Trainee: 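I'd like to ask some things about the structure below.
Predicted, not measured: the structure shown is a model, and the values here were computed from it.
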Amino acid sequence: MNLFILYQTDTWKSKASRIFFGVFDCRRKAIDFAKYNGLYTNYAEVLIVEVTLNQFIEA
């Protein structure tokens with residue numbers, strides 16, 4: 001199962017400037033949420049990180 005974590009960062013996308021805005025089950029919902037709440041600005045970028053959950057791999 002893949003989850004998408006939504007962050008807003010500065011224009012240089014540094015980890016220190018990340019602000020958490022939510023976890024979504026699809027990328028489209030994360031983008032729609034960011035657009036609806038005005039997270040895209042001239043001084044900020046939106047970062048969506050994909051995370052895999054419940055993955056079992058035998059060694």
Trainee: With side chain to side chain contact (heavy atoms under 4.5 Å, CB included) as the criterion, how do Val23 and Val51 come out once you've worked through the C-alpha distance, each side chain's angles and the decisive distance to 0.1 Å?
Mentor: CA-CA 10 Å; Val23 178; Val51 179; over 6 Å; no
Trainee: Might you point out which heavy atoms bring Ser17 and Asp10 nearest each other, and give the distance in Å?
Mentor: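 Reported closest heavy-atom pair: OG-OD1, 3.0 Å.
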Trainee: Which label fits Phe33 and Phe24: parallel for a plane angle under 30°, tilted from 30 to 60°, or perpendicular past 60°?
Mentor: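 Tilted, since the angle between the ring planes falls between 30° and 60°.
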Trainee: Tell me the closest heavy-atom pair linking Arg18 and Leu47, and the distance in Å.
Mentor: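 Minimum heavy-atom contact is NH2-CD2, 3.3 Å.
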Trainee: Is it the case that Arg27 places NZ or CZ above or below the six-membered ring of Phe4, under 6.0 angstrom from the centre and within 45 degrees of the axis?
Mentor: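 Judged by the rule (NZ or CZ under 6.0 Å from the ring centre, within 45° of its axis), Arg27 is not positioned above Phe4.
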Trainee: Tell me whether Ile19 shares a hydrophobic cluster with Val46, the cluster being built from Ile, Leu, Val, Met, Phe, Trp, Tyr side chains joined at under 4.5 Å.
Mentor: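 In one cluster: yes.
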Trainee: Locate the shortest heavy-atom distance separating Asn2 from Glu50; write the atom from each residue and the value.
Mentor: ND2-OE2, 2.9 Å
Trainee: With Ile31, which of Lys29, Lys35, Arg28 fulfils side-chain contact (heavy atoms from CB on, under 4.5 Å)?
Mentor: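 Between Ile31 and the candidates, side-chain contact (heavy atoms from CB on, under 4.5 Å) is satisfied uniquely by Lys35.
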Trainee: Considering all heavy atoms of both residues, which atom of Leu3 and which atom of Asp25 are nearest to each other, and what is their separation?
Mentor: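 Looking at all heavy atoms of both residues, the shortest contact is CD2-CA, 4.3 Å.
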Trainee: What are the two closest heavy atoms between Ile48 and Ala30, and how far apart are they?
Mentor: CD1-CB, 4.0 Å
Trainee: Could you go through the side chain to side chain contact (heavy atoms under 4.5 Å, CB included) check for Tyr7 and Phe20 one step at a time?
Mentor: CA-CA 5 Å; Tyr7 294 103; Phe20 173 77; 4.2 Å; yes
